[in-house]
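Structure first, commentary second.
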Amino acid sequence: EGGGAEGVEEGGELCPALQRLESHLEALDEQRAKQLGEESALAKKLARKKKAATSFSRASANRWGKGTGYGGSSAPSAGQGPAAEARRKATTTDDAWACGLHGMAREIEESDPDPNETRRLLEASQGLWAAVRALLLNDSMMDIGTRGEVYRPVLTFARVLSRERSLAPLLMLPLGPLC
């Protein structure tokens with residue numbers, strides 16, 4: 001059998017290495033749930049805006065001062081706020097993915113946990129495979145070049161999985177449309 005010094009202890013609890021691995025997986029799953037919640041909220045917000053735009057009367061659309069610099073608000077441009085927020089969310093997501101993938105690769109490589117139990121944990125994680133799928137299906141080389149701190153842990157994680165006979169088949173799992 002392939003390695004696996006640590007596994008499930010006598011009390012039915014996971015060994016410390018697998019507990020740490022499980023905590024990394026839970027963090028990725030929470031990140032995925034948070035992303036899905038934000039996407040759902042954004043879809044609802046867009047639907048409300050679309051509904052409001054269709055009910056907007058022509059008379060109010062042609063009000064005086066629109067586009068002339070008069071009668072508008074003196075607030076800063078709305079384009080900076082959402083763009084900055086999107087960059088902040090992307091950075092937070094990248095940090096969570098990089099930290100989780102790096103931590104899992106380190107746990108598997110250094111602690112040599114039970115491969116069968118490790119495989120069970122990895123297969124059950126939606127967040128892990130959603131993160132891997134999102135990163136590996138990216139077709140922008142410019143994006144990959146600027147986000148190297150996220151792609152290195154993905155490739156390290158893949159290398160670690162490929163070295164363990166019982167974990168290597170995980171690399172062949174289909175990365176379905178919704179993962």
Side-chain angles (χ1 to χ4, degrees), residues 1-45 85-179:
E1 296 203 317
E6 297 184 48
V8 178
E9 294 175 349
E10 288 186 26
E13 290 191 27
L14 297 175
C15 70
L18 287 173
Q19 287 175 354
R20 290 187 297 270
L21 182 67
E22 188 174 44
S23 73
H24 288 296
L25 290 168
E26 287 171 357
L28 287 173
D29 288 344
E30 287 172 15
Q31 182 70 26
R32 174 71 175 157
K34 182 179 172 185
Q35 283 179 318
L36 290 175
E38 288 174 359
E39 289 170 6
S40 175
L42 179 62
K44 288 178 186 177
K45 183 177 179 180
E85 181 68 18
R87 280 192 303 274
R88 186 191 61 75
K89 285 181 183 176
T91 301
T92 302
T93 300
D94 284 357
D95 290 346
W97 287 351
C99 180
L101 290 166
H102 177 72
M104 287 187 297
R106 188 181 61 239
E107 284 301 327
I108 293 170
E109 198 167 43
E110 293 175 3
S111 302
D112 193 27
D114 175 37
N116 296 322
E117 194 63 27
T118 302
R119 182 176 176 155
R120 184 190 64 74
L121 289 173
L122 294 176
E123 285 177 334
S125 175
Q126 293 271 324
L128 167 65
W129 301 114
V132 170
R133 178 182 184 275
L135 291 167
L136 294 182
L137 291 181
N138 187 351
D139 61 352
S140 168
M141 292 306 289
M142 184 72 101
D143 186 46
I144 291 170
T146 58
R147 295 171 62 203
E149 68 279 352
V150 180
Y151 283 91
R152 267 186 229 100
V154 169
L155 297 175
T156 300
F157 182 69
R159 179 181 46 81
V160 168
L161 289 182
S162 70
R163 288 182 177 169
E164 181 65 51
R165 181 185 297 271
S166 66
L167 299 178
L170 290 174
L171 296 173
M172 296 173 34
L173 289 176
L175 299 175
L178 297 177
C179 224

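Below, all heavy atoms of this structure are taken into account, side chains as well, without hydrogens, waters or symmetry copies.
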With side-chain contact (heavy atoms from CB on, under 4.5 Å) as the test, would you mind laying out the steps for L135 and R147 before giving the verdict?
CA-CA 10 Å; L135 291 167; R147 295 171 62 203; 3.5 Å; yes
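- The two residues S111 and R20 have their closest heavy-atom pair at OG-NH2, 3.7 Å.
- In terms of heavy-atom proximity, Q31 sits nearest to A96 at OE1-CB, 3.8 Å.
- Taking 4.5 Å as the limit, some side-chain heavy atom of L28 sits within range of a side-chain heavy atom of M104.
- Of the possible donor and acceptor atoms, one in the side chain of T146 sits under 3.5 Å from a partner among the backbone N and O of D143.
- Shown here for L171 and A158, the closest heavy-atom pair between the two residues is CD1-O, 3.6 Å.
- For the pair P153 and H102, the tightest heavy-atom approach, listed with the atom from each and the gap, is CB-N, 3.9 Å.
- Here the CD atom belonging to E30 is positioned 7.0 Å from the CD atom belonging to E26, to the nearest 0.5 angstrom.
- Of the residues V132, L21, L25, the one that meets the side chain to side chain contact (heavy atoms under 4.5 Å, CB included) test with S125 is L25.
- Note that CG of L155 is 11.0 Å distant from OG of S162, once rounded to the nearest 0.5 Å.
- Between Q126 atom CD and R133 atom CZ the span is 11.5 Å, to the nearest 0.5 Å.
- Residues R163 and I108 have side chains not in contact (no heavy-atom distance under 4.5 Å, counting atoms from C-beta outward).
- Atoms NZ and CG, on K89 and D94 in that order, are 14.0 Å from each other to the nearest 0.5 Å.
- No donor-acceptor pair under 3.5 Å is formed between the side chain of R119 and the backbone N or O of L170.
- For the pair R120/N116, no side-chain contact is recorded, criterion being any heavy-atom separation below 4.5 Å from C-beta on.
- Counting all heavy atoms, side chain and backbone alike, T156 lies closest to A105 at CG2-CB, 4.0 Å.
- To the nearest 0.5 Å, the span separating NE2 on H24 from CG on L101 amounts to 10.0 Å.
- Between G127 and D29 the shortest heavy-atom distance is N-OD1, 2.5 Å.
- Atom CG of residue L161 and atom CZ of residue R159 lie 10.5 Å apart, to the nearest 0.5 angstrom.
- Under a 3.5 Å cut-off, the side chain of W129 and the backbone N or O of A124 do not form any donor-acceptor pair.
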